[in-house]
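Below: the structure, in structure tokens.
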Amino acid sequence: MINLTLRQLRYFDALARLGHFGRAAEACSISQPALSMQIKEMEETLGGLLLERSARQVALTRFGEELAQRVREILRSVDELGDFARASRDRFAGRLRIGMIPTIAPYLLPTITKNLTRLHPELDIRVRETMTPKLIQELTEGRLDTAIVALPVSEPSLTEVALFQEKFLLVRPSTDEGTPVPSREMMREMRLLLLEEGHCFRDQALSFCNMQSAPPREMLDANSLSTLVQMVSAGIGVTLIPEMALPVETRSASVSVARFADPQPSRTIGMVWRKTSPLARQLLQISEVVCLSAGKVRARHAASAMPRNPRA
């Protein structure tokens with residue numbers, strides 16, 4: 001009988017995902033020699049090498065790759081046992097792992113956390129901010145309970161719940177104040193500043209400007225909305241930002257903000273979770289809290305979020 005501990009499985013999973021002993025040890029909150037010893041014991045117990053070790057990196061053997069898939073499934077099942085136990089209680093308590101995309105987290109997270117803590121004081125809320133593909137991967141692997149993303153994600157194994165729609169606004173240099181708002185066709189001829197590859201908001205902006213098959217002549221990338229707005233303030237180009245981000249990102253920037261003509265570009269924000277999650281009922285309740293939180297944020301910022309272009 002093979003005797004492996006759950007702790008060893010978690011250590012191996014971290015190493016398989018991160019590909020580095022130091023980072024895996026840090027993620028598991030143990031020393032690197034201790035992690036190495038546990039992996040070595042796993043190899044001896046299983047009777048095969050899991051890793052190809054070199055001075056710079058760690059690569060999984062073929063056996064290690066096959067084992068990593070099975071270990072991931074085991075750990076997800078173990079986590080769902082805990083979720084099943086929590087779901088059977090009258091109150092919602094324990095760990096809640098929420099993922100959020102970067103174009104939502106800074107503006108919505110404080111209000112969501114405050115409301116969830118007030119309604120469910122025994123919750124241990126843990127937040128992960130990264131781009132949609134990574135969130136979906138971690139969600140399907142059981143490393144997140146739910147994620148707040150732009151819909152649709154079109155993943156058959158996930159439940160999608162739409163929460164609210166959010167308009168996109170045009171941000172231009174302050175010297176453009178009062179000038180006509182360009183059409184989507186005119187946007188193709190402008191220097192459009194966008195988030196870097198991997199951000200769903202980038203794809204949504206390109207879609208609005210009909211740029212999927214015809215890349216713009218000149219385009220610069222940034223890794224945050226804040227950087228985009230500051231680049232516009234410096235006169236480098238124009239950009240689009242989601243309405244919720246407007247009060248935060250434009251308060252210290254000399255820019256002009258305008259709405260597009262109807263139909264205005266927008267996105268649908270929603271929550272997703274695994275269809276097999278025992279916490280589905282609780283997560284649906286949390287989606288209602290998130291929706292109300294978003295409504296409060298939008299109402300609070302309504303005055304400051306109004307476009308500063310009188311012709312908009």
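Atoms considered below: every heavy atom in the structure, side chains included; atoms not considered: hydrogens, waters and symmetry mates.
- Counting only heavy atoms from C-beta outward, the side chains of R10 and L75 approach each other to under 4.5 Å.
- Taking both residues in full, the closest heavy atoms of L139 and W273 are given as CD2-CA, 4.0 Å, listed atom of the first, atom of the second, then distance.
- In K114, the NZ atom is not crowded: 12 or fewer heavy atoms of neighbouring residues, nucleotides or ligands sit closer than 6.0 Å.
- Across E196 and D221, no two heavy atoms sit closer than the pair CA-CB, 4.0 Å.
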Report the C-alpha separation of I241 and L228 in whole Å, then their side-chain angles, then the decisive distance to 0.1 Å, and conclude whether the side-chain contact (heavy atoms from CB on, under 4.5 Å) test is met. CA-CA 9 Å; I241 66 171; L228 287 178; 5.5 Å; no
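- Classification of R202 and E197 as a salt-bridged pair holds, one side-chain N sitting under 4.0 Å from a carboxylate O.
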Determine, stepwise, if the pair V238 / R191 fulfils side-chain contact (heavy atoms from CB on, under 4.5 Å). CA-CA 6 Å; V238 302; R191 178 184 281 184; over 6 Å; no
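- In this structure, R184 places its CZ atom where more than 12 heavy-atom neighbours from other residues, nucleotides or ligands lie under 6.0 Å away.
- With contacts defined as side-chain heavy-atom distances shorter than 4.5 Å, the pair V290/M271 qualifies.
- Contact detail for C28 and A14: the closest heavy-atom pair is SG-CB, 3.6 Å.
- Salt-bridge formation is detected for the pair R267/E166: a Lys NZ or Arg NE/NH1/NH2 atom is positioned less than 4.0 Å from an Asp or Glu carboxylate oxygen.
- At most 12 non-hydrogen atoms from other residues, nucleotides or ligands lie less than 6.0 angstrom from CD of E26.
- Between N115 and K296 the shortest side-chain heavy-atom distance falls below 4.5 Å.
- Criterion: ILVMFWY side-chain heavy atoms under 4.5 Å apart, direct or through other members. Under it, L144 and L151 are part of a common hydrophobic cluster.
- Criterion: ILVMFWY side-chain heavy atoms under 4.5 Å apart, direct or through other members. Under it, L46 and L49 are not part of a common hydrophobic cluster.
- Here the side chains of E43 and F63 are not in contact, with every heavy-atom distance at 4.5 Å or above.
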Audit row: R128, R143, side-chain contact (heavy atoms from CB on, under 4.5 Å) steps and yes/no: CA-CA 10 Å; R128 165 86 159 124; R143 288 185 279 137; over 6 Å; no
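- The backbone N or O of P110 lies less than 3.5 Å from no partner atom in the side chain of T113, so there is not a single donor-acceptor pair.
- M100 has its side chain within reach of L109: a pair of non-hydrogen atoms, C-beta onward, lies under 4.5 Å apart.
- Side-chain contact between V272 and V161 is absent, with no heavy-atom pair separated by less than 4.5 Å.
- Here the shortest heavy-atom pairing between R251 and P247 reads CB-O, 3.4 Å.
- A donor-acceptor pair under 3.5 Å is absent between the side-chain atoms of S277 and the main chain of R274, judged by distance alone.
- Side-chain atoms of L9 and D13, non-hydrogen and from C-beta on, never get closer than 4.5 Å to each other.
- Between E243 and R259 there is a salt bridge, with a side-chain nitrogen of the basic residue lying less than 4.0 Å from a carboxylate oxygen of the acidic one.
- M131 and Y107 fall into different hydrophobic clusters, where Ile, Leu, Val, Met, Phe, Trp and Tyr residues are linked whenever their side-chain heavy atoms come under 4.5 Å apart, directly or through other members.
- Between the side chains of S254 and S233, no donor N or O sits under 3.5 Å from an acceptor N or O.
- Counting only distance, with no hydrogens or angles, the side chain of T250 and the backbone of L246 share a donor-acceptor pair below 3.5 Å.
- Across all non-hydrogen atoms, the minimal contact from L163 to G270 is CG-CA, 3.7 Å.
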Show, in sequence, the C-alpha distance, side-chain angles and deciding distance for R76 and E141, and conclude whether the salt bridge (charged side-chain N to carboxylate O under 4.0 Å, His left out) test is met. CA-CA 7 Å; R76 182 172 61 186; E141 291 177 355; over 6 Å; no
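- One distance of note links CD1 of I286 with CD1 of I112; it measures 10.0 Å at 0.5 Å rounding.
- Across I101 and A150, no two heavy atoms sit closer than the pair CD1-N, 3.9 Å.
- By the criterion of side-chain heavy atoms lying less than 4.5 angstrom apart, applied directly or through intervening Ile, Leu, Val, Met, Phe, Trp or Tyr residues, F168 is not grouped with M186; the two fall into different hydrophobic clusters.
- Side-chain contact annotation: R172 with T239, donor-acceptor N/O pair under 3.5 Å absent.
- Salt-bridge formation is detected for the pair R97/D145: a Lys NZ or Arg NE/NH1/NH2 atom is positioned less than 4.0 Å from an Asp or Glu carboxylate oxygen.
- The closest donor-acceptor contact from the side chain of S293 to the backbone of V289 lies under 3.5 Å.
- Here the OG-CZ distance, from S36 to F21, works out to 4.5 Å after rounding to the nearest 0.5 Å.
- Hydrophobic clustering, with ILVMFWY side chains joined whenever heavy atoms are under 4.5 angstrom apart, keeps L292 apart from I98.
- Within the 4.5 Å cutoff, the side chain of L96 has heavy atoms near those of the L283 side chain.
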